[in-house]
Amino acid sequence: MQKPFAITLNPGSSLANHTGSWRTARPVYLDRLPPCNNQCPAGEDIQGWLFHAESGNYEAAWRHLTRDNPFAAIMGRVCYHTCESACNRGKIDEAVGINSVERFLGDEAIKRGWKFAAPEKESGKKVLIVGAGPSGMSAAYHLRKLGHTVTVMDAGPYMGGMMRFGIPKYRLPREVLDAEMQRIADMGVTVRLNSKVDNILEQMKSGSFDAAFLAVGAHIGKRAMIPSGDAAKIVDAISVLRSMEGEDKPMLGRRVVVYGGGNTAIDVARSVKRMGAEPIIVYRRTRDKAPAHDFEIEEALQEGVMVKWLSTIKQAGDHQITIEKMALDDKGFPQPTGEFETLEADSVVLALGQDVDLGLLNGVPGLEVTKDGVVKVGTDLMTGHAGIFAGGDMVPAERNVTVAVGHGKKAARNIDAWLRGETYAPPPKHEVAQFEKLNPWYYADAPKTVRPMLDIIRRQSTFEEVQGGLDESNALFEARRCLSCGNCFECDNCYGVCPDNAVIKLGPGKRFQFNYDYCKGCGMCVAECPCGAIKMEAEEI
Amino acid sequence: MLKQCEGSHAVAEAVALCRPEVICAYPISPQTHIVEGIGEMVKSGELKDCEFINVESEFAAMSVAIGSSAAGARTYTATASQGLLYMVEAVYNASGLGLPIVMTVANRAIGAPINIWNDHSDSLSQRDCGWVQLFAETNQEALDLHIQAFKLAEEISLPVMVCMDGFILTHAYERVDMPTQEQVDAFLPPYEPRQVLDVNEPVSIGAMVGPEAFMEVRYLAHAKQMQALERIPQLAAEFKSVFGRESGGLIRSYRTEDAETIVIAMGSVLGTIKDTVDEMREAGHKIGVLGITSFRPFPLVEVAAALKHCKRFVVLEKSLAVGIGGIVATNVRMAVTGMGLKGYTVVAGLGGRAITMKSLTGLFEKAGRDELDPVNFLDLDWKVVNKQLEREREKRRTGPAAEAMLRDVGAVAARNY
Amino acid sequence: MSALQTVKFYQTGTFTVGNRLLAPEERSVQANMQRTNSLNSGHRACQGCGEALGARYAIDAAMNATNRQLIAANATGCLEVFSTPYPETSWQIPWIHSLFGNTAAVATGIAAAIKVKKQKGQGQDVCVVAQGGDGGTTDIGFGCLSGMFERNDDVLYICYDNGGYMNTGVQRSSATPSAARTATTMPLGPEPGNPFGQGKFVPAIAMAHEIPYVATATVADLRDLENKVTKAMSLRGARYIHILVPCPLGWGTASHDTIRMARLAKETGIFPVFEAEHGELKSALAIRRPLPVEEYLRPQKRFAHLFGKNPAVETIARIQAQADKNIRRYGLLSKEAA
């Protein structure tokens, strides 16, 4: 067509006009650290694995998850999921049920028989791990993945450590524990049970180990000085829980007083309840001051466990104890009131914390022990003795399974570097994706999915798992509640809202690119990015 | 085929023979019968493949025409007077965009005072709007000019106004030779647009053009009219070869061979002038007539050539350039610049005032004696005018002049049309 | 609309432009890598222009719905000026600009031409869109618009409403909201800003014409906007979509707040988002997070005179009353609206 001059123009010819020159600030894509990931003691990339779960690709999600933590099914049951407290979604409606999705993925992996691959290349280095608990097995997993030859030695008859002897089976069914432990052994990890290590240096020397990771846990129950008669039956909580695993169940009588306010106290009380006893917890402070997780207290109360708050045991006698009422002072510390009460008690279980058995470390040069009776380690988890690393309950840290698993990973990375004569440098952390960086409008309204609970009668009488899992549809739903804080989830908002078509969509999985030839720097992409994965930077003028 | 019919009807039939595809209609006297006629043909199915749209205003009429023409449809509309003024913005736009719309202007005066009768004020107000303006002398010519107009418009991509005197032609029953469809088809090929809104070849039409190119765009509009100047006589010749009669062209001379006085006019008044000239010729006056068919483009060279041998010219026009005199006369004077001719402007027939042979004879005789003023108003009632001027000198609040003068001439009120 | 959300709950549901979890046929036009970009890059709209965004949203959707068989007529105004200054055009579709006030009529003409060409077997089934700003629609173009409606011409008219004559320097139009400052309604005198009791809401007037389809939308609800354009393109006859497009320049808002302002207009009830067929209200987009009008007014400099040291409490209450009336009239908080 011979077009009339000037008044008729060729389509799309404005591409010649590079409006990018108007810009005083430019948008740039970035990844911010989701608060859940930031919070996770095991360093899981939660947002990352939820991303795969959202699209129903559970195996990819599980594989992504297990890059950091091999125990999805265990975590999904026993992790105290502080990630959920950090979750930005909590500021919209309720936190994403990260833990429930994790359990679903873990269970799915067991159901489908997903395995970890053996390393492609052997490093030729030998690492000894002492303790087949969460920390030791986590380290074994990561070290094996890195190609090292790993031997795990444990004094006990089963893998799992405190996960088996400290956590009741109504919270962690043993077949789940066994499956996730065995999966690591199947990677080619040598596990020697009933093999107590008495002297670490000798053991390393005799086995020609290049390095060792100690994770023996804290198995010795703390005692308290309670004046008591000879007839009084006083036992420690760990022994009680351990004996639940064996054939010989403990003989504690009908009235069992559990002394302490931590999770172990709750575990014991709930366990003996299931055995037909009438547990009563005695704790010196109030419910909100108790170290046990509130949901666990709540579940215990539901199941009929009695609690005497603000009480200390003054004396234990035959089938009865004397408790003193306490009152909190201004600073929140319990103070005696001089008011006493007598309770029937066939036995008293002390749940006052645990100590570490450090016997195997005798005579190790350079090694230091803190005044709390745990092993001093550097940030790399190496003890004062080169090549010997330690983690889990035996080093200064919060004591829970997730922290222990995290130690295992961290130790493995440091051991791996140390074996190569290097120092492990963790990648720099991105800035945390705070709620204020998000545009929550874009997330659909969706309340948290509630996991099914076992009915109360069966909770009081059996060791069946209390909390059920999600089925696929609601696990998917829950995964899709993730806001993907700070990480592009390809919602296309930037691509759509740009008035200048200055965002190039690169295709599924490839995210986007700015076309700075045309971007005028209006900042709409930043304002409308749901997850805070774009920021404005001043243009150099 | 010869037939006796109303001018409007003849035009309606001619337009229909041109196979128009979109017609926009808005009623205004004296154009109304044309679109009524076409509407009837569309409704009855006689005229096929044609959208007849009853729009809500003349502005809309021209705007719909712009849209349909830009989309490649042969488009026609008709208007007059106030209607033309109401669509002016779109009139300029149509030519600016180079859209070959054909529009009949059934010439009529412009108010206030409101007046439905014939003069050329409406079309001539649009002399610079960029449209070709062709003036018909008779109903036959009006009919023929429409057929030529489509061809001209589409060839040069400019809109064309066919101007015909309201009532005098539109409502007059005359014998016309109505061409056959075959003849029209042989003369007028299907519309092949220079630019069109086409999904297969998208363009943006109607860009904003700044100082860097606006002059050029305007010059090109002028250049197109210059092309039209060449094409109009050729088309008239082609028309003659198909239809066998003279119609259109730029100008037409009548008995000017040895004329000392040449009367110049446009439209149907040429008939009265020719009759007057015939009589005066018999009385020995050396007088002739020059009819201008193409007012835009204005045939400067041809007019100059036609006036080459006369001593004086009289431009008799149905329009008034208030504050200067004539509109057509100003154009003619430009054509004869430097030729040393005497020229007289005669404003006549405004608002339907009858132009009689008697008045013309007197006027032309006076012209022959060079007794005319440079600007003259034919048959002006000086008594009424002077009285009103006096009133206004005397009194501030004289009220509406038109009503006052109507009382003076004895009419109680204007007849209600 | 929210029913749609529960069924298709994919993290962001359908609030975001795209969603990798949706089936391809359920995805938005704007999410498509092959979208038309009917209004191409390089146009000269201000930073954060709501109209540029709205126009691309709407025309891309129309292009998608018609399999790219679309012609557009455009009124004079910002959209025209920033998209087609010689020697460049941003339009990738056949497009014509004629005048400020005649766009509906030009579109009628195009539609008529298409109809005839099709009858003659010379052309395809091409759809026609007319578009203009609020000035070109509710004021100067209103006569032609009403005529197009009344004749039920086969045209979708889209009005991009930014509440004033922004191209000429922010003057008042009949779509300027009450109390707003413009260059011709300055915040001076006893009734600062645009007087109450003036102005018109053309969607309601369009409904009074009982045309097949009338809808309102904003640039904040892309899916809703696209659904409406798509629906409009599935119908024949006169159709009208009125899209709220915030103007950073005229409203005095940050360029990155354009979508947010549209969202606030909808959430406060200031701008009702609904659809009507043959003059009857069919559905309304429910307010999701109800907010007082202050939230909408405060970020805009054109309402700055209502705030500051002595807030114009009564004026704000009158604006709130307007919003409340919309909420009642269009059922913006009712379950049916969902």
Side-chain angles (χ1 to χ4, degrees), chain B residues 19-24 26 48-57 59-75 77 87 89-90 92-94 96-97 99 101 190-191 193 195-214 216-217, chain C residues 38 63 66-74 76 80-117 119-124 126-128 130 141 143-144 146-148 150-151 153 155:
Chain B
R19 303 187 186 276
E21 292 169 308
V22 176
I23 311 275
C24 321
Y26 190 79
K48 289 187 176 52
D49 298 327
C50 180
E51 278 291 292
F52 185 87
I53 303 168
N54 285 297
V55 290
E56 73 280 2
S57 73
F59 178 65
M62 184 47 61
S63 300
V64 169
I66 287 169
S68 64
S69 184
R74 181 169 288 163
T75 304
T77 187
M87 67 163 70
E89 193 190 10
Y92 273 73
N93 192 253
L97 294 176
L99 299 172
I101 299 159
Y191 173 35
Q195 59 173 351
V196 66
L197 294 165
D198 180 359
V199 292
N200 299 314
E201 201 185 336
V203 286
S204 294
I205 298 176
M208 181 181 186
V209 178
E212 71 278 18
F214 194 80
E216 287 71 20
V217 171
Chain C
S38 308
M63 284 286 275
T66 60
N67 197 24
R68 307 195 171 200
Q69 302 297 297
L70 189 75
I71 293 174
N74 207 122
T76 309
E80 169 262 326
V81 170
F82 74 62
S83 67
T84 54
Y86 166 81
E88 295 147 4
T89 175
S90 301
W91 294 102
Q92 312 237 54
I93 60 169
W95 179 95
I96 185 170
H97 159 245
S98 172
L99 297 170
F100 201 0
N102 71 349
T103 312
V106 171
T108 292
I110 298 169
I114 290 167
K115 188 176 169 193
V116 171
K117 295 284 176 194
Q119 268 171 25
K120 286 182 159 180
Q122 295 170 355
Q124 297 137 288
V126 177
C127 296
V128 183
C144 287
S146 179
M148 186 276 277
E150 157 287 303
R151 290 185 302 269
D153 292 332
V155 171

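Letters go in sequence order (proteins before strands), and every chain restarts at 1.
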key: Within-4.5 Å side-chain heavy-atom neighbours: B:Lys48 and C:Gln119   = no

task = Determine yes or no for a side-chain-to-main-chain donor-acceptor pair under 3.5 angstrom, with C:Lys117 supplying the side chain and B:Gly72 the backbone.
result = yes

key: Part of C:Glu88 within contact of chain B (heavy atom distance under 4.5 Å)   = neither

ask   = For the candidates B:Ala60, B:Gly96, B:Ser69, B:Ser204, which exhibits the highest count of non-hydrogen atom pairs separated by less than 4.5 Å from chain C?
value = B:Ser204

query = If we only count heavy atoms from C-beta on, is the C:Leu70 to B:Val199 side-chain gap below 4.5 Å?
reply = no

inquiry  = Please classify the contact of B:Leu97 with chain C as side chain, backbone, both or neither, using a heavy-atom distance under 4.5 Å.
reply    = side chain

ask   = Using non-hydrogen atoms only, which part of B:Cys24 is less than 4.5 Å away from chain C: side chain, backbone, both, or neither?
value = neither

query = Which region of C:Arg151, side chain (C-beta onward) or backbone (N, CA, C, O), has a non-hydrogen atom less than 4.5 Å from a non-hydrogen atom of chain B, or is it both or neither?
reply = side chain

query = Taking all non-hydrogen atoms of both residues, which atom of C:Ile71 and which atom of B:Leu197 are closest, and how far apart?
reply = CD1-O, 3.5 Å

key: Taking every non-hydrogen atom, the tightest pair across C:Ala105 and B:Ser63   = CB-CB, 3.5 Å

inquiry  = For C:Glu80, give me all partners under side chain to side chain donor-acceptor pair (under 3.5 Å), at least two apart in sequence or on another chain.
reply    = none

request  = Heavy-atom pairs under 4.5 Å with chain B are the metric here; pick the option from C:Ser146, C:Ala104, C:Ala112 that has the most.
outcome  = C:Ala112

Choice from C:His97, C:Gln122, C:Met148 maximising heavy atom contacts with chain B below 4.5 Å = C:His97

ask   = Quick one: are C:Leu99 and B:Phe59 in side-chain contact, heavy atoms under 4.5 Å?
value = yes

task = With a 4.5 angstrom heavy-atom cut-off, could you sort out which part of B:Val22 is near chain C: side chain, backbone, both or neither?
result = side chain

message = Are B:Asn200 and C:Gln124 packed together at the side-chain level, in the sense that at least one heavy-atom pair is separated by less than 4.5 angstrom?
response = yes

task = Working to the nearest 0.5 Å, report the span between CG of B:Asp198 and CD1 of C:Ile93.
result = 13.0 Å

query = Quick one: what part of C:Ala73 sits under 4.5 Å from any heavy atom of chain B, side chain, backbone, both or neither?
reply = neither

message = Could you measure the distance from the CD1 atom of C:Ile96 to the CG atom of B:Leu99? Nearest 0.5 Å is fine.
response = 6.0 Å

ask   = Looking at C:Ser98, C:Ser83, C:Pro85, which makes the most heavy-atom pairs under 4.5 Å with chain B?
value = C:Ser98

request  = Could you tell me the separation between the OG1 atom of C:Thr103 and the CD1 atom of B:Ile66, rounded to the nearest 0.5 Å?
outcome  = 10.5 Å

task = Give, for atom OG1 of C:Thr84 and atom CD1 of B:Ile205, the distance between the pair rounded to the nearest 0.5 Å.
result = 11.5 Å

ask   = Do the non-hydrogen side-chain atoms of B:Val64 and C:Asp153 ever get within less than 4.5 Å of each other?
value = no

